[in-house]
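If you read the sequence from its start, that first residue is 1, and numbering goes on from there. When reading the values below, keep in mind they use all heavy atoms of this one structure, side chains included, and skip hydrogens, waters and symmetry mates.
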Amino acid sequence: MPVERPNTVAGLIEKRAQLLKLRDNLEADARKVTCDIDHLEAVIALFDPENTPEAAKRYTTKHRAQKGHLKRFVLAYLRDASEPATSRQITEAWIADRGLRADEATYVILRKRLGACLTVLRTDGLATNGPMAGEFKTWARVA
């Protein structure tokens, strides 16, 4: 029994055309979703101007510390601490020292920056981390 088969090349060309049409439709959908997200962010900015990506960037840039200032602060804090301190305690001290008003999102950004600084200090042999205190690591200055 002979099996009828469509021309292979013609079938591949048809499949390619179908996939190109599908891709065009998906790209149009992605543009529409992006536009919808932009509209939602604009409405959110109307009701809460501090809850926008641009506001977070302005805050982060506005309160950037001078080179080496955070490192000196952390080393001084660990030197003066009577026991190992958590990254949360150090962050709270940093916010108080700078006189900042930090919401939770800004607090998280600052704690991540401080964590990166502590990791560098550990790599340089100037600090060591100890056991966990709840969900935070403890840190101490190397004597």
Inset, instruction - Begin from the C-alpha positions of Leu75 and Arg141 and carry the test side-chain contact (heavy atoms from CB on, under 4.5 Å) through to its verdict. - result: CA-CA 7 Å; Leu75 287 172; Arg141 186 165 180 172; 3.8 Å; yes

Legend entry - Residues Tyr107, Ile95; criterion side-chain contact (heavy atoms from CB on, under 4.5 Å); working and verdict: CA-CA 8 Å; Tyr107 175 82; Ile95 290 171; 3.6 Å; yes

Legend entry - Step-by-step side-chain contact (heavy atoms from CB on, under 4.5 Å) determination, Arg122 to Lys137: CA-CA 13 Å; Arg122 182 182 61 203; Lys137 288 182 182 178; 4.0 Å; yes

Inset, instruction - Check the pair Leu110, Arg113 against side-chain contact (heavy atoms from CB on, under 4.5 Å), reporting the backbone distance first and the verdict last. - result: CA-CA 5 Å; Leu110 294 175; Arg113 264 193 208 162; 4.0 Å; yes

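Put simply, OG1 on Thr138 and CZ on Arg88 are 15.5 Å apart, with the number rounded to the nearest 0.5 Å. If you take CG on Leu26 and CG on Leu19, they are separated by 10.5 Å, rounding to the nearest 0.5 Å. Gln18 CD to Leu22 CG: the interatomic distance, rounded to the nearest 0.5 Å, is 9.5 Å. For the atom pair CZ (Phe73) and CG (Asp97), the distance works out to 4.5 Å, reported to the nearest 0.5 Å. Once rounded to the nearest 0.5 Å, the distance linking CZ of Arg111 with CD of Glu92 reads 10.5 Å. Here CG of Asp29 is found 11.0 Å from CG of Asp24. Values are rounded to the nearest 0.5 Å.
At a threshold of 4.5 Å between non-hydrogen side-chain atoms, the residues Leu12 and Arg16 do not count as touching.
If you run side chain to side chain contact (heavy atoms under 4.5 Å, CB included) between Leu118 and each of Leu70, Asn129, Leu78, only Leu78 comes through.
Under a hydrophobic clustering in which Ile, Leu, Val, Met, Phe, Trp and Tyr are joined whenever their side-chain heavy atoms come within less than 4.5 Å, directly or via other members, Phe136 and Leu121 fall into different clusters.
Considering only residues two or more places apart in sequence or on other chains, Glu14 meets the salt bridge (charged side-chain N to carboxylate O under 4.0 Å, His left out) condition with none of them.
Ala85 and Ile90 get closest at one heavy-atom pair: CB-CG1, 4.0 Å. Nearest approach of Trp139 to Ser87, heavy atoms of both residues: CD1-N, 4.2 Å.
For Asp124 and Lys71, the salt-bridge test passes: some basic side-chain N is under 4.0 Å from an acidic carboxylate O.
Using a 3.5 Å distance cut-off with no hydrogens or angles, the side chains of Tyr77 and Arg72 do not pair a donor with an acceptor.
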